[in-house]
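Below, read A as the first sequence line, B as the second, and so on, with proteins coming before strands; counting in each chain starts at 1.
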Number of protein chains: 2
Amino acid sequence: MASSTVENYLKHLLLLAEGGDGLVPMGALAGALAVVPGTVTTMVKALAAGGLVEHRPRQGVRLTDAGRGVALGVLRRHRLVETFLVQVLKMDWAAVHAEAERLEHAISDDVLDRLDALLGHPAVDPHGDPIPTRQGRLDPSVYATLATCVADRPLRVVRVTEQSPEFLHFAEHSGLRPGTRVRVAGRNLAAGLVTVKRPAGRPLALSLAAAGKILVAPAR
Amino acid sequence: MASSTVENYLKHLLLLAEGGDGLVPMGALAGALAVVPGTVTTMVKALAAGGLVEHRPRQGVRLTDAGRGVALGVLRRHRLVETFLVQVLKMDWAAVHAEAERLEHAISDDVLDRLDALLGHPAVDPHGDPIPTRQGRLDPSVYATLATCVADRPLRVVRVTEQSPEFLHFAEHSGLRPGTRVRVAGRNLAAGLVTVKRPAGRPLALSLAAAGKILVAPAR
DNA sequence: TATTTAACTTTGACTATTCAAAATAGCCTG
DNA sequence: CAGGCTATTTTGAATAGTCAAAGTTAAATA
Ligand SMILES: [Mn+2]
Ligand SMILES: [Mn+2]
Ligand SMILES: [Mn+2]
Ligand SMILES: [Mn+2]
């Protein structure tokens, strides 16, 4: 029913609402979708007429329950497809995001259920992003980052937020894929630097910005 | 580059040109795409402007070499996807056509190559339809049908043309999937009936129309 | 050859999605 | 409180694809 365009608007709305109260500024949505603001205003009014979003003029947009349901479906397809591409087709984890952007609109429920079973009902995708359940439940997943966690404790990388191929390649090269054990050796707030120790290899220096994109949990 | 719509026009043109001189009547294309004739005229003029087809007003359309290349790519994606869905995801061979209609527009070359390798570079899809090669070579595959082959010879089903779920389910139930050994026991042209013997099961009666959709080759 | 007809093309209109540029609303500053 | 700045909305226009209905063509029929 929903076009690819509509699905993308809703999915980005879901992603942009993470954390906040759900009210997404029109400009943020325009930026995420790479369209001009006027386009978003037009489209959001149409989505609101369809009951998928609530539009607060000059303040922002918010998903309705119906819209959130659609968005969770798209996100589930996206993340299961990414998992399939990495686990079964052995693709580079930095390349799968672009592929999934197209495939997420072309997968039926039947195919999705079979992929899910083939993969063993994974809870997270290759980047550690949680996969919404069939029932539309999405793990809130509140984790510390390498920029905010307590120092000198054994940690485990659980997720890499940010899907640009450049950053993902960097993370892979730096041994910071989900599952890796790490420890924050020190932070220099003034210089904006975090030093990380990994099982193998010398200490690694990261900017706070980069460190903030690596989510971690206490090891074991 | 080519939109899904354009890809569909070109793919159907390739399919409809099978056998004939390649000149497809506008009405045939309209029927295949389920649009009104005027829509086809409009679209074909655009495709001709883009060098993908040659339009002979009031006579028909024909693919150019460029258009044929695009069409072969779409057909390759369609048939490899069908093969994947049946072999890996264990889907019903009658259901995969509809799925492939959407997925054929969303698969990249990289993913396609990996699927092809995973499946062992198949030459035909689950229905026996030949899969174009990466280089754009398509097996002409001239086979007899159960309606036209010589009688009383050991045969092997090689292909089921016609992708409606109804017919495919019927073929499966009747033990007429590609690979099955069969023999034409007799024909009654007046009644329009063909009688077929299979390894197991009693003789099967088919209409000539149905028999014409089952392609066969000499066994062994 | 005149007529009928079926296939095809043209025309006018509509939906979905987008952009450029102008108008506006709020908020912040002095 | 007057200006000014920024985010947002409005307006006008464009593109892709489609349909309904009217107009044309050319082959088939009489
Ligand atoms: Mn992704
Ligand atoms: Mn991901
Ligand atoms: Mn098919
Ligand atoms: Mn097929």
Side-chain angles (χ1 to χ4, degrees), chain A residues 1-13 15-17 20-63 66-67 70-71 74 101-102 104-106, chain B residues 1-14 16-17 20-63 66-67 70-71 74 101-102 104-106:
Chain A
M1 290 288 98
S3 66
S4 293
T5 304
V6 167
E7 288 191 341
N8 279 331
Y9 273 79
L10 299 177
K11 183 188 67 171
H12 279 108
L13 232 20
L15 260 14
L16 289 169
D21 58 349
L23 239 204
V24 176
M26 304 298 269
L29 188 52
L33 292 163
V35 296
V36 301
T39 300
V40 169
T41 300
T42 304
M43 191 66 198
V44 161
K45 287 204 282 191
L47 294 176
L52 295 168
V53 305
E54 180 194 349
H55 181 201
R56 313 288 278 268
R58 274 167 155 139
Q59 298 192 76
V61 228
R62 186 201 317 273
L63 287 173
V70 174
V74 180
E101 281 301 315
R102 268 168 299 113
E104 68 190 0
H105 309 295
Chain B
M1 290 289 99
S3 67
S4 293
T5 303
V6 166
E7 289 191 340
N8 279 330
Y9 272 78
L10 299 177
K11 184 188 65 171
H12 279 108
L13 233 18
L14 178 67
L16 289 169
D21 59 349
L23 239 204
V24 176
M26 305 296 270
L29 188 52
L33 291 162
V35 295
V36 302
T39 299
V40 168
T41 300
T42 304
M43 192 68 198
V44 160
K45 287 204 283 190
L47 295 176
L52 294 168
V53 305
E54 180 195 347
H55 181 203
R56 312 287 277 269
R58 309 252 159 205
Q59 298 192 74
V61 228
R62 184 200 319 273
L63 287 173
V70 175
V74 181
E101 282 301 316
R102 268 169 297 113
E104 67 190 0
H105 309 295

With 3.5 Å as the limit, what N/O pairs link the protein to nucleotides 23-25 of chain C?
unit_1: C:dT24; atom_1: O2; unit_2: A:Arg58; atom_2: NH2; d: 2.9
unit_1: C:dA25; atom_1: O4'; unit_2: A:Arg58; atom_2: NH1; d: 3.2

* To do: Answer whether the closest heavy-atom distance between the side chains of A:Lys11 and A:Glu104 falls below 4.5 Å.
  =>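 The answer is yes; the side chains approach within 4.5 Å.
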
* **Side-chain touch B:Tyr9/B:Val40, heavy atoms, less than 4.5 angstrom** =>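 Yes, side chains in contact.
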
Which atom of [X] lies closest to which atom of [Y], heavy atoms considered:
X	Y	value
A:Leu23	A:Gly60	CD2-C, 3.5 Å
A:Val44	A:Val53	O-CG2, 3.8 Å
B:Ala66	B:Gly51	CB-O, 3.9 Å
B:His55	B:Ala48	CB-CB, 4.3 Å

* Can you list every salt bridge (Lys or Arg N to Asp or Glu O under 4.0 Å) pair that touches residues 25-54 of chain B, not counting sequence neighbours? ->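 As it turns out, the salt bridge (Lys or Arg N to Asp or Glu O under 4.0 Å) pairs with a partner in residues 25-54 of chain B, which skip direct neighbours, are B:Glu54-B:Arg56, B:Glu54-B:Arg62.
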
Test of understanding: with side-chain contact (heavy atoms from CB on, under 4.5 Å), list the residues that count as partners of [X], not counting sequence neighbours.
X	answer
B:Ser3	B:Thr5, B:Val6
B:Ala46	none
B:Ala17	B:Val24

* To do: Look at the side-chain N and O atoms of B:Thr41 and state whether any lies under 4.0 Å from the OP1 or OP2 oxygen of C:dT9.
  =>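 Yes, within the criterion.
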
* **Leading and trailing nucleotides of DNA chain D with any atom under 4.0 Å from heavy atoms of chain B** =>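 It runs D:dG17 to D:dT25.
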
* Identify, with sequence neighbours excluded, every residue that meets side chain to side chain donor-acceptor pair (under 3.5 Å) alongside A:His105. =>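 Only A:Glu7, A:Asn8 meet the side chain to side chain donor-acceptor pair (under 3.5 Å) criterion with A:His105.
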
* Asked: Among all residues two or more places apart in sequence or in another chain, which pass the side chain to side chain donor-acceptor pair (under 3.5 Å) test with A:Arg58?
  ->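 In terms of side chain to side chain donor-acceptor pair (under 3.5 Å), with neighbours along the sequence ignored, A:Arg58 is linked to no residue.
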
* **Comparing B:Thr39 and A:Gly38 on DNA chain C - which has the more 5′ nearest nucleotide** =>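 Result: B:Thr39.
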
* For the atom pair CG (B:Leu10) and CG (B:Leu63), what is the distance rounded to the nearest 0.5 Å? ->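 Reported to 0.5 Å precision, the distance equals 6.0 Å.
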
* Report the distance from atom NE2 of A:His12 to atom CG of A:Leu29, rounding to the nearest 0.5 Å. =>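 So the NE2 of A:His12 and the CG of A:Leu29 are separated by 8.5 Å.
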
* Per the end-axis method with five pairs at each terminus, what is the bend angle of the helix from C:dT1-D:dA30 to C:dG30-D:dC1, to 10°? ->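 Inter-axis angle at the termini of the helix from C:dT1-D:dA30 to C:dG30-D:dC1: 10°.
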
Can you list, in residue-number order, the parts of [range] that come under 4.0 Å of DNA chain C, counting heavy atoms only?
range	answer
residues 46-56 of chain A	none
residues 21-30 of chain B	B:Pro25, B:Met26, B:Gly27
residues 3-11 of chain B	none

* To the nearest Å, how far apart are B:Gln59 CD and C:dA6 C1'? ->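 So the two atoms are 16 Å apart, to the nearest Å.
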
